[in-house]
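Computed over heavy atoms, backbone and side chain alike; hydrogens, waters and symmetry mates excluded.
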Amino acid sequence: MHVISFVTQKGGSGKSTLAISCAVRATELGQRVLILDMDPQGTAESWYRDRDAIHPKLARIHSGQLATALDGARKQGFNTVIIDTPGRDEPATAAAIRAADFVLIPCRPTPGDMKATPPTAATVARLGKKAAFVLSQTPPRGSRLKEAETGLSMLGMVCPVRIVHRTAYQDAQGAGLGVTEFEADGKAAREIGALWDWITNKMEKLSDGQEANVA
Ligand SMILES: Nc1ncnc2c1ncn2[C@@H]1O[C@H](COP(=O)(O)OP(=O)(O)O)[C@@H](O)[C@H]1O
Ligand SMILES: [Mg+2]
């Protein structure tokens with residue numbers, strides 16, 4: 001069972017959006033997926049309530065319930081667990097990082113998000129976890145992007161797939177869907193497909209010891 005956590009102290013950077021659409025994508029690829037929503041705001045849970053499909057499954061938990069939830073997930077045969085975390089609750093964030101095989105740190109190319117990433121990166125490094133930054137809600141192109149990428153690469157690995165600001169992410173979420181369901185041949189669906197492929201590929205290589213952990 002693989003555990004992937006979406007973490008960063010900055011609210012609004014795209015944790016829930018990416019967690020939801022990645023969970024749907026993994027489900028489409030035949031994985032048995034559980035989303036653990038650790039955010040008291042319950043963004044993922046409210047998305048789930050608007051959803052008709054049964055998979056992926058979702059449970060809302062607090063940090064004290066994480067170990068039991070993961071144990072249960074393993075026993076029930078889930079092969080992928082995706083953890084969505086709150087922006088500020090440090091116990092939940094640290095617990096989600098500790099439980100993860102791979103940590104994704106969404107970051108908008110803005111000064112506010114860039115300033116908020118070093119503490120998250122430091123916690124990840126302290127706990128010895130594999131992690132990568134994902135640029136989120138980006139403009140389609142421009143020098144701002146390159147600058148953000150360069151800045152983040154000094155702190156750790158940066159995912160080469162960038163998540164552009166697109167209404168499909170918002171509309172899919174409102175409809176209880178992942179972007180790959182909402183608009184299967186759209187640009188957002190392609191981004192999520194590429195992001196999920198990159199995550200699974202990277203996790204495999206890191207666990208095989210084929211690649212050094214640079215985060
Ligand atoms: N790539 C994107 N394009 C457009 N809107 C986005 C994108 N990612 C997130 N959003 C929107 O930004 C807001 C915050 O995103 P969310 O995933 O809830 O952030 P977080 O979970 O980190 O607080 C939401 O309204 C969401 O729909
Ligand atoms: Mg959220």
Side-chain angles (χ1 to χ4, degrees), residues 3-23 35-47 60-63 66 82-100 102-127 129-140 142-170 172-174 178-179 188 191-192 195-196 198-199 202 214-215:
V3 180
I4 297 139
S5 294
F6 286 81
V7 173
T8 176
Q9 293 175 7
K10 191 79 182 171
S13 53
K15 294 178 289 294
S16 302
T17 303
L18 294 179
I20 285 164
S21 269
C22 282
I35 301 173
L36 292 177
D37 185 358
M38 293 183 76
D39 187 352
Q41 286 185 0
T43 310
E45 191 194 38
S46 101
W47 165 81
R60 177 106 174 258
I61 58 161
H62 57 72
S63 47
L66 181 55
I82 292 186
I83 307 181
D84 186 22
T85 64
R88 286 217 170 265
D89 177 356
E90 282 165 23
T93 305
I97 293 173
R98 202 171 280 118
F102 199 61
V103 178
L104 271 298
I105 308 170
C107 181
R108 289 169 293 196
T110 61
D113 271 30
M114 297 292 292
K115 261 189 223 150
T117 50
T120 308
T123 307
V124 166
R126 183 165 50 81
L127 296 174
K129 290 296 174 173
K130 294 152 187 159
F133 297 104
V134 192
L135 276 166
S136 149
Q137 298 167 63
T138 73
S143 59
R144 201 182 172 94
L145 258 177
K146 196 71 220 156
E147 281 162 24
E149 209 162 50
T150 307
L152 291 175
S153 68
M154 290 174 192
L155 297 171
M157 178 162 44
V158 184
C159 171
V161 181
R162 295 161 175 171
I163 305 297
V164 173
H165 190 280
R166 303 183 190 281
T167 51
Y169 288 100
Q170 299 164 0
Q173 204 165 335
V179 286
E191 284 168 0
I192 289 296
L195 173 63
W196 186 250
W198 185 85
I199 292 169
K202 189 56 76 178
V214 292

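Atom CZ of residue Arg88 and atom CD of residue Gln9 lie 6.5 Å apart, to the nearest 0.5 angstrom. To the nearest 0.5 Å, atoms CE (Met157) and NZ (Lys202) are separated by 5.0 Å. Atoms OG and NE2, on Ser136 and His165 in that order, are 8.5 Å from each other to the nearest 0.5 Å. Separating the CE atom in Met114 from the CZ atom in Arg144 is a distance of 10.0 Å, to the nearest 0.5 Å. Rounded to the nearest 0.5 Å, atoms CZ (Arg108) and CG (Leu135) are 12.0 Å apart. One finds the OG1 atom of Thr138 at 4.5 Å from the CG atom of Leu145 (value rounded to the nearest 0.5 Å).
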Quiz prompt | Ile83 and Leu66: CA distance, side-chain angles, deciding distance, side chain to side chain contact (heavy atoms under 4.5 Å, CB included) verdict | solution = CA-CA 10 Å; Ile83 307 181; Leu66 181 55; 3.9 Å; yes
Quiz item: Does the pair Asp113 and Phe133 meet the rule for a side chain to side chain contact (heavy atoms under 4.5 Å, CB included), with working shown?
Solution: CA-CA 11 Å; Asp113 271 30; Phe133 297 104; over 6 Å; no
Quiz item: When you look at Ile82 and Cys22, which way does the side chain to side chain contact (heavy atoms under 4.5 Å, CB included) test go after all the steps?
Solution: CA-CA 8 Å; Ile82 292 186; Cys22 282; 4.2 Å; yes
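Scanning both residues, Pro139 and Pro109, for their nearest heavy atoms gives CD-CG, 3.9 Å. Closest heavy-atom contact between Asp39 and Arg60: O-NE, 3.4 Å. Counting all heavy atoms, side chain and backbone alike, Cys159 lies closest to Ala132 at N-CB, 4.4 Å. For Thr117 against Cys107, the heavy-atom pair with the smallest separation is CG2-SG, 3.6 Å. Residues Ile20 and Ala44 share a closest heavy-atom pair of CD1-CA, 4.2 Å. Nearest heavy-atom pair across Leu155 and Pro118 is CD1-CG, 4.1 Å.
Side-chain atoms of Lys10 never come within 3.5 Å of backbone atoms of Lys115 as a donor-acceptor pair (strictly under, hydrogens ignored). At least one donor-acceptor pair under 3.5 Å links the side chain of Thr85 to the backbone N or O of Phe6. Asp37 places a side-chain N or O within donor-acceptor distance of the main-chain N or O of Glu45, the cut-off being under 3.5 Å. Checked by atom type and distance alone, the side chain of Lys129 pairs as donor or acceptor with a backbone atom of Ala100 at under 3.5 Å. Listed for the Ser16 side chain is no donor-acceptor partner under 3.5 Å among the backbone atoms of Thr43. For Arg98 (side chain) and Leu127 (main-chain N/O), no donor-acceptor pair under 3.5 Å exists by modelled atom type. The backbone N or O of Gly12 lies less than 3.5 Å from a partner atom in the side chain of Gln137, making a donor-acceptor pair.
Side chains of Val134 and Val161 form no contact here, defined as non-hydrogen atoms less than 4.5 Å apart. Using a 4.5 Å heavy-atom threshold, the side chains of Leu104 and Leu18 count as separate.
At most 12 non-hydrogen atoms from other residues, nucleotides or ligands lie less than 6.0 angstrom from CD of Glu90.
Residues Lys146 and Glu149 are paired through a salt bridge, judged by an N-O separation under 4.0 Å between the basic side chain and the carboxylate.
Screening Val158, Thr150, Leu152 for a side-chain contact (heavy atoms from CB on, under 4.5 Å) involving Met154 leaves a single residue, Thr150.
Between the side chains of Thr17 and Gln173, at least one donor N or O sits under 3.5 Å from an acceptor N or O.
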